[in-house]
Amino acid sequence: MREFYERSPFPGYPLRDSLQALRTRAARSPLPQLIDRGIPCDARIVEVGCGTGQMCLFLARAQRVVIGADVARRPLQMGAAAARQFGLDRVQFVETDLQHPALRADAFDLVFSSGVLHHTPDPRGSFARLARLARPGGLIVLGIYNTFARLPARLRRCAARLSRFRFVPFDPVLRQREDEMPRHDAWLRDQYQHPEEHSHTVGEVQRWFVENDIEYLRTYPGAMLDEEPDLFARAADNWALEGWLAQLEWMWTLGREGGLFFTIGRRARG
């Protein structure tokens, strides 16, 4: 895994990037805004599997302390360089392995991990180690591939293999990055050429939460049809049938850009 991301740091930075440009990109997606608004201005945050650190830099506002952790050194170096360039001094980057995380347990108000656990050999065990980083009452935001929403990407991967990945049909992210080849190639490798990949249902992740004394709050997008997102509030209900229907819908919504969904929880206070 380390070798894979050393060769192709993900997601990378555009040329002539700036802090304002980074925040403008984040504003295109509601999730970073919802996280930013929902956590205190003095929160202690860790992003596990931070890659090149964009979310870390976005959340590094006010008096927050943000730790970005990753297994690969080159992406961390890119994140640290961007933090220096943008004048952000409350962000630190740590090289560590989730199998043996060099991070203090029970220490963080928010544990954020997106696009990481489904690339580990044992996502369930990886989640157990990740959950221990949150303080009692702390929040966890976990982003992984959904079993249903990932199906379109798997079909695109089958088609791409026929052209030896010179052509990937119906991928909007690759089209957007045609003029930024390093970021284009990083997305191509991460989405279609990864050596380890798993996908999971909402129910499966909910069982992980139960096993680790994490109170399930909701998913993002919501697994309840027509649900308005209030990211850190408990969902109005948790009806399994409605959840399955929502996941089928994600094939058309989330499936366009890889099929990643988020599950939000709060660690029990003991």
Side-chain angles (χ1 to χ4, degrees), residues 10-11 25-26 28-35 49 51 55 112-120 122-124 126-127 140-163 165-178 183-184 186-209 216-231 235-265:
F10 184 82
R25 291 196 302 275
R28 296 172 189 162
S29 172
L31 181 66
Q33 308 293 329
L34 291 169
I35 294 174
M55 180 63 89
F112 178 82
S113 183
S114 175
V116 177
L117 264 62
H118 53 235
H119 290 317
T120 63
D122 176 19
R124 178 183 174 188
S126 296
F127 178 76
I140 294 175
V141 179
L142 174 68
I144 56 176
Y145 290 148
N146 179 261
T147 300
F148 298 97
R150 189 63 179 163
L151 288 174
R154 289 180 171 175
L155 292 173
R156 290 194 296 267
R157 181 170 56 196
C158 290
R161 283 173 175 165
L162 296 176
S163 67
F165 296 98
R166 289 189 293 270
F167 172 70
V168 180
F170 309 116
D171 188 311
V173 177
L174 286 178
R175 288 199 299 271
Q176 293 167 6
R177 297 184 179 184
E178 286 177 348
R183 296 182 74 227
H184 174 283
W187 178 263
L188 177 69
R189 286 176 55 79
D190 184 77
Q191 288 292 304
Y192 302 110
Q193 299 175 337
H194 210 288
E196 182 95 41
E197 178 181 308
H198 307 270
S199 59
H200 308 276
T201 65
V202 170
E204 185 178 359
V205 179
Q206 288 176 337
R207 290 192 290 274
W208 297 352
F209 277 41
Y216 168 76
L217 298 177
R218 63 175 59 243
T219 66
Y220 182 87
M224 301 296 103
L225 301 177
D226 299 323
E227 181 183 32
E228 291 296 324
D230 183 359
L231 201 63
D237 59 53
N238 187 23
W239 189 30
L241 176 59
E242 198 170 10
W244 285 109
L245 293 173
Q247 290 176 88
L248 290 172
E249 183 185 16
W250 290 351
M251 283 194 288
W252 286 270
T253 53
L254 302 183
R256 296 179 66 250
E257 296 188 4
L260 194 75
F261 81 108
F262 291 84
T263 310
I264 297 91

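Residue indices begin at 1 and follow the sequence shown.
Here the closest non-hydrogen pair linking Pro221 and Trp250 is O-CZ2, 3.2 Å. Closest heavy-atom contact between Leu260 and Ser114: CD2-OG, 3.3 Å. The minimum heavy-atom distance linking Ala223 with Ala246 is given by the pair O-CB, 3.3 Å. Closest approach of Leu231 and Arg218 over heavy atoms only: O-CD, 3.4 Å. Among all heavy-atom pairs drawn from Val205 and Leu142, the shortest one is CG1-CD2, 4.1 Å.
Using the six-membered ring where Trp is involved, His194 and His119 have ring planes that are parallel, under 30° apart on the 30 and 60° scheme. Using the six-membered ring where Trp is involved, Phe209 and Phe127 have ring planes that are parallel, under 30° apart on the 30 and 60° scheme. Below 30°, between 30° and 60°, or above 60°: for Trp244 and Phe148 the angle between ring planes is above 60°, a perpendicular geometry.
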* Asked: Between Tyr220 and Leu34, does a side chain to side chain contact (heavy atoms under 4.5 Å, CB included) hold up when you go through it step by step?
  -> CA-CA 10 Å; Tyr220 182 87; Leu34 291 169; 3.8 Å; yes
* **Worked verdict on Gln247 versus Val202 for side chain to side chain contact (heavy atoms under 4.5 Å, CB included)** => CA-CA 8 Å; Gln247 290 176 88; Val202 170; 3.6 Å; yes
* I would like to know whether Leu174 and Glu178 meet side chain to side chain contact (heavy atoms under 4.5 Å, CB included); could you show each step before the answer? => CA-CA 6 Å; Leu174 286 178; Glu178 286 177 348; 6.0 Å; no
* Going through the distances and angles, do Arg177 and Trp187 end up as a side chain to side chain contact (heavy atoms under 4.5 Å, CB included)? -> CA-CA 9 Å; Arg177 297 184 179 184; Trp187 178 263; 3.7 Å; yes
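The line from CZ of Arg124 to CG of Asp122 is 8.0 Å long, rounded to the nearest 0.5 Å. Between atom NE2 of residue His118 and atom OG of residue Ser113 there is a gap of 9.0 Å, rounded to the nearest 0.5 Å.
Put simply, the side chain of Gln206 never gets that close to the backbone of Tyr216: no donor and acceptor are under 3.5 Å apart. Distance alone, capped at 3.5 Å, is enough to place a donor-acceptor pair between the Thr120 side chain and the Leu117 backbone.
By the 4.5 Å heavy-atom criterion applied to side chains, Asn146 and Leu254 are not counted as neighbours.
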Would you mind writing out the side-chain donor-acceptor pairs for residues 149-161 within the sub-3.5 Å range, not counting sequence neighbours?
from   : atom 1 : to     : atom 2 : distance (Å)
Arg150 : NE     : Glu197 : OE2    : 3.1
Arg150 : NH1    : Gln191 : OE1    : 2.7
Arg150 : NH1    : Gly258 : O      : 2.9
Arg150 : NH2    : Gln191 : O      : 2.7
Arg150 : NH2    : Glu197 : OE1    : 3.0
Arg154 : NH2    : Ser199 : OG     : 3.3
Arg156 : NE     : Tyr192 : OH     : 2.9
Arg156 : NH1    : Gly255 : O      : 3.3
Arg156 : NH2    : Gly255 : O      : 3.2
Arg157 : NH1    : Glu197 : OE1    : 3.3

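For Phe165, the CZ atom sits in a packed shell: over 12 heavy atoms of surrounding residues, nucleotides or ligands are nearer than 6.0 Å.
Residues satisfying the salt bridge (Lys or Arg N to Asp or Glu O under 4.0 Å) criterion with Arg207, sequence neighbours excluded, are absent altogether. Here His184 pairs with nothing under the side chain to side chain donor-acceptor pair (under 3.5 Å) rule; sequence neighbours left out. Qualifying side chain to side chain donor-acceptor pair (under 3.5 Å) partners for Gln33, counting only residues two or more places apart in sequence or in other chains: none. Remark: Arg256 pairs with no residue by the salt bridge (Lys or Arg N to Asp or Glu O under 4.0 Å) rule, at least two apart or across chains. The side-chain contact (heavy atoms from CB on, under 4.5 Å) search around Val141 returns Ile35, Leu110, Phe112, Phe232, Phe262, Ile264, not counting sequence neighbours.
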